[in-house]
2 protein chains.
Amino acid sequence: MNGHCHGRAQSMERFLEISLLILLYDTKGYGYLLMEKLENFGFSSEQMNIGSLYRVLRKMESSSLVASSWEQGAQGPKRRVYEITDEGKRMLDIWIQHVRRRKETIEYLLETYETTIHDRMN
Amino acid sequence: MNGHCHGRAQSMERFLEISLLILLYDTKGYGYLLMEKLENFGFSSEQMNIGSLYRVLRKMESSSLVASSWEQGAQGPKRRVYEITDEGKRMLDIWIQHVRRRKETIEYLLETYETTIHDRMN
DNA sequence: TTTACTATATTCAACTTGCATATAGTAACT
DNA sequence: AGTTACTATATGCAAGTTGAATATAGTAAA
C-alpha cells in the first residue's frame, strides 16, 4: 500500500529498500550476499539484522519490485536469488527523488545547527 | 533508554528531536509555534501530525533534554513553553555527528545510483 | 450560545523493529 | 554415523513507533 505519496516517507526500511534496488540494478543477488554489500550503504552487519533483510526482500517481491528464483551455489544450501523488475526500476526512480529532497533537508539542518552554535560562541 | 549508542539510529522521531533541539537552542518555543517552524526541516504541516509533536516534546522533557513551563500568550489558552537544557545541548552535539554520517551515506547512495543508471544508458 | 480558533494531550489500531529461534543443506573432521 | 561449523532462509514475539481520531479547554467574535 506504500505508493510514492502515501505511508511513511523515509523510514529505515524505505532506505533499505532503495539500497537493495540499487544493488540489484546491476546484478542479481541473494540475501546473505546483499547483507555484505549493504555495509557501504551504512547498514553495518552489527546493527543490521539478517531477519529484517529477508523480511523486506519478501515484501518487495510481494509488491513486484523484485522477483526471485532458487539457484544452487558452489557450496551450501540453495539460494533465493533476487533480480529487479521494471516496476522496481520505476519505483527506485521515484524514491530517489525523495532521497534528494531528504539530502537537502539534512544539509539545511546541519547549516542551521552550525549557524546557531557559531552565533552562541561569539 | 536511547543513549547515543543504542536503539534505532535515525528514525523520523530522532530527526524530529534534533530539529526541535536546534529550534530551541536560540529561543524558547511552544508546540503550535514549533510546528510551523518545523516546515523548514521538511516536516510539512500536512504530513506532520501535531499529536506526535506533543508526544515527542513530553518524551524529551522526561529525558531532560528540554524543560517546560506554562506561559500566558497575548490571546488564547496558556502555552507550555519549552527551553533546551544543558543535557539537551550535549545530546544535540552527539546526534549531529550521526546526522553528518547519515549525510555521507545518502551522498554515497545517490552517487551509486547515478553511476549505475549512467552505465546502463551507454 | 454558537462558531471558530488556539493549544495541549491521549487513545487505539496498525505497523516496524530487534532479538531469538527454527529449519535445513553442505562439508570437514573423528 | 555423529558432531561441529558454516551458509542460507524464514518466522514468532515483545516492544517500540506512528497516524488518525478524538478529548479537553480557554479565548474571542458574531
Side-chain angles (χ1 to χ4, degrees), chain A residues 1-3 5-20 24 28-38 42-63 66-83, chain B residues 1-3 5-20 28-38 42-63 66-82:
Chain A
M1 289 305 96
N2 276 358
C5 296
H6 310 294
R8 293 170 64 204
Q10 261 170 57
S11 57
M12 271 303 120
E13 185 172 317
R14 173 56 49 82
F15 202 73
L16 179 55
E17 286 177 280
I18 294 171
S19 303
L20 287 168
L24 294 173
K28 296 188 196 175
Y30 59 97
Y32 231 70
L33 178 73
L34 291 165
M35 185 77 185
E36 287 167 36
K37 291 189 177 180
L38 277 172
F43 300 95
S44 73
S45 45
E46 308 138 30
Q47 64 177 60
M48 177 63 205
N49 106 19
I50 191 85
S52 299
L53 176 59
Y54 284 113
R55 245 183 320 207
V56 82
L57 282 168
R58 303 317 313 275
K59 199 197 79 176
M60 287 168 77
E61 181 161 35
S62 81
S63 48
V66 297
S68 77
S69 57
W70 289 95
E71 282 184 21
Q72 185 60 264
Q75 71 226 119
K78 282 183 180 173
R79 299 157 176 172
R80 188 189 281 277
V81 179
Y82 289 92
E83 55 193 318
Chain B
M1 291 305 94
N2 275 356
C5 293
H6 310 294
R8 294 169 64 205
Q10 261 168 57
S11 57
M12 271 303 119
E13 184 171 316
R14 173 57 48 83
F15 201 72
L16 179 56
E17 287 178 280
I18 294 170
S19 304
L20 287 168
K28 296 187 194 176
Y30 60 97
Y32 232 69
L33 178 74
L34 291 165
M35 185 77 186
E36 287 167 35
K37 291 191 178 178
L38 277 171
F43 299 97
S44 73
S45 45
E46 309 137 32
Q47 66 176 59
M48 177 63 204
N49 108 13
I50 190 86
S52 299
L53 176 58
Y54 285 112
R55 239 180 331 206
V56 83
L57 282 168
R58 303 315 314 276
K59 199 197 79 177
M60 287 167 76
E61 181 161 33
S62 81
S63 48
V66 295
S68 77
S69 56
W70 288 95
E71 282 185 20
Q72 184 61 263
Q75 72 225 121
K78 282 184 180 172
R79 299 156 175 170
R80 189 189 281 276
V81 180
Y82 290 91

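Here is how names work: the chains are called A, B, and so on, in the same order as the sequence lines, proteins then strands, and each is numbered from 1. All of these numbers come straight from a predicted model, not from anything done at the bench. Quick note: numbers below take in every heavy atom, side chains included, and nothing from hydrogens, waters or symmetry partners.
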Check [X] against [Y] and note the closest heavy-atom contact, atom names and distance.
X     : Y     : answer
B:Y82 : B:E61 : CE2-OE1, 3.9 Å
B:M48 : B:M35 : O-CE, 3.4 Å
B:G31 : B:L53 : O-CD2, 3.3 Å
B:G76 : B:Q72 : O-OE1, 3.0 Å

Kindly point out which of [options] is positioned nearest to the side chain of [X]?
X     : options               : value
B:E13 : D:dA8, C:dT6, D:dT18  : D:dT18
B:R80 : D:dA28, D:dT17, C:dA9 : C:dA9
B:W70 : C:dA9, C:dA7, D:dA8   : C:dA9
B:Y82 : C:dA9, C:dT6, D:dT18  : C:dA9

Given DNA chain C, 5'-ward residue of the pair B:G51 and B:Y30, judged by closest heavy atom: B:Y30
Starting from the 5' end of DNA chain C, give me the residue, A:K78 or A:N49, whose nearest nucleotide shows up first. A:N49
Using whole Å, report how far [atom1] of [X] lies from [atom2] of [N].
X     : N      : atom1 : atom2 : value
B:M60 : D:dT17 : CE    : P     : 14 Å
A:Y54 : C:dT16 : OH    : P     : 21 Å
B:M48 : D:dG19 : CE    : C1'   : 11 Å
B:M35 : D:dG19 : CE    : P     : 11 Å
B:E36 : C:dC5  : CD    : C1'   : 13 Å
A:L53 : D:dT9  : CG    : C1'   : 10 Å
B:K59 : C:dA9  : NZ    : C1'   : 17 Å
B:R79 : C:dT6  : CZ    : C1'   : 8 Å

First locate atom CZ of B:R55, then atom CG of B:L57, and finally report the distance between them rounded to the nearest 0.5 Å. 11.5 Å
Starting at the 5' end of DNA chain D, which residue's closest nucleotide do you reach first, B:Q72 or A:I50? A:I50
Assess whether one donor atom and one acceptor atom, taken from the side chain of B:R55 and the base of C:dT11, lie less than 3.5 Å apart. yes
Would you say B:S52 places a side-chain N or O within less than 4.0 Å of OP1 or OP2 belonging to D:dT18? no
Establish, with yes or no, whether the OP1 or OP2 oxygen of C:dT10 is under 4.0 angstrom from a side-chain nitrogen or oxygen of B:R58. no
